[in-house]
Amino acid sequence: MNNKEVNAILNKYKRDQSSIIAILQDIQEGERYLPRDVLEYVAQKLDISLSKIYYLSTFYQAFSLEPRGKHIINVCVGTACHVRGAAKLVDRLEGDLKISAGGTTADRTFSLESVNCLGACALGPVVVVDGEYFGQMGPEKIDDLLQKYQKKSRKKVKVSAKSTRTRQSKKVSAVKGTKKVKKGTKKRGR
Ligand code: FES
C-alpha cells in the first residue's frame with residue numbers, strides 16, 4: 001500500500017484520530033495485515049504515538065502485524081470439537097499446507113489458526129474458512145476444502161489479469177459431505 005492509498009483512507013475518515021480503529025481496519029482489509037512502514041506513516045500523519053497504534057494492533061484479534069493468507073482457515077479446538085477429533089483436522093491441515101497453526105503458506109494463499117469454540121458446537125468438529133462454516137468435518141474432507149479455495153484464488157488471479165471489473169459470484173457450494181452453516185464469524189475476545 002503506497003502513501004497515496006493510505007492518504008485516501010486517512011481522508012475518508014477526515015484524518016480524525018478517533019477513527020484510528022476504522023483506519024486500521026481499512027488498511028488490514030487492503031493488505032491483509034498491518035505493515036510497519038504504513039503504521040509509521042499513519043502515526044506521523046495523525047500525530048499519534050506509534051506505541052499506541054501498536055497497542056491497538058495487538059489488542060484486537062482482527063489485526064495482524066504479520067502477512068496473512070488470502071484465505072483464513074479457523075479450526076475449532078474447543079471441547080466439543082476436540083472430543084470429535086479436531087486435533088486430527090489440525091494435523092492434516094498442518095501437513096497438507098506445510099505450516100503450523102498460526103502460520104501462513106509461502107504463497108500467502110492460506111493462513112491456519114486454531115480457535116476456541118466457534119459457536120456451532122452441535123456441528124463439531126467445525127472448520128471456518130473466510131467466515132464460511134463447515135460442520136462435521138473429517139480429515140478425509142480436507143482435500144476438497146483446500147481445492148475449493150485454491151480454485152477460488154486462481155479464478156481471482158485470472159480475473160484481475162484480464163483487468164475486468166467483473167465481480168465474482170459470492171455463491172459457493174459446500175464441500176461434499178459437510179454441513180454448511182450460514183453464520184457470521186464469531187471473533188474471540190481477549
Ligand atoms: S467447541 Fe467447536 S464450535 Fe464450540
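Atoms within each ligand, like the ligands themselves, are counted from 1 in listed order.
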Checklist entry - Would you say Gly119 contacts ligand 1, with heavy atoms under 4.0 Å as the rule? => result yes

Checklist entry - What's the verdict on salt bridge (charged side-chain N to carboxylate O under 4.0 Å, His left out) for Lys70 and Asp107, showing C-alpha distance, side-chain angles and the deciding distance? => result CA-CA 9 Å; Lys70 288 187 191 84; Asp107 64 0; over 6 Å; no

Checklist entry - Where do Cys81 and Gly124 come nearest, in terms of heavy atoms and distance? => result SG-CA, 3.7 Å

Checklist entry - Asn7 and side-chain hydrogen bond (donor to acceptor under 3.5 Å, both in side chains): which partner among Arg15, Lys45, Lys12? => result Arg15

Checklist entry - Using 30° and 60° as the class limits, which term best fits the ring planes of His71 and Phe110: parallel, tilted or perpendicular? => result tilted

Checklist outcome for this item: Ranked by distance from atom 4 (Fe) of ligand 1, the top protein heavy atom is Cys121 SG, 2.4 Å

Checklist entry - Which protein heavy atom lies closest to atom 1 (S) of ligand 1, and at what distance to 0.1 Å? => result Cys76 SG, 3.5 Å

Checklist entry - Taking only heavy atoms of Ala80, which atoms of ligand 1 are found under 4.0 Å from at least one of them? => result 1 (S)

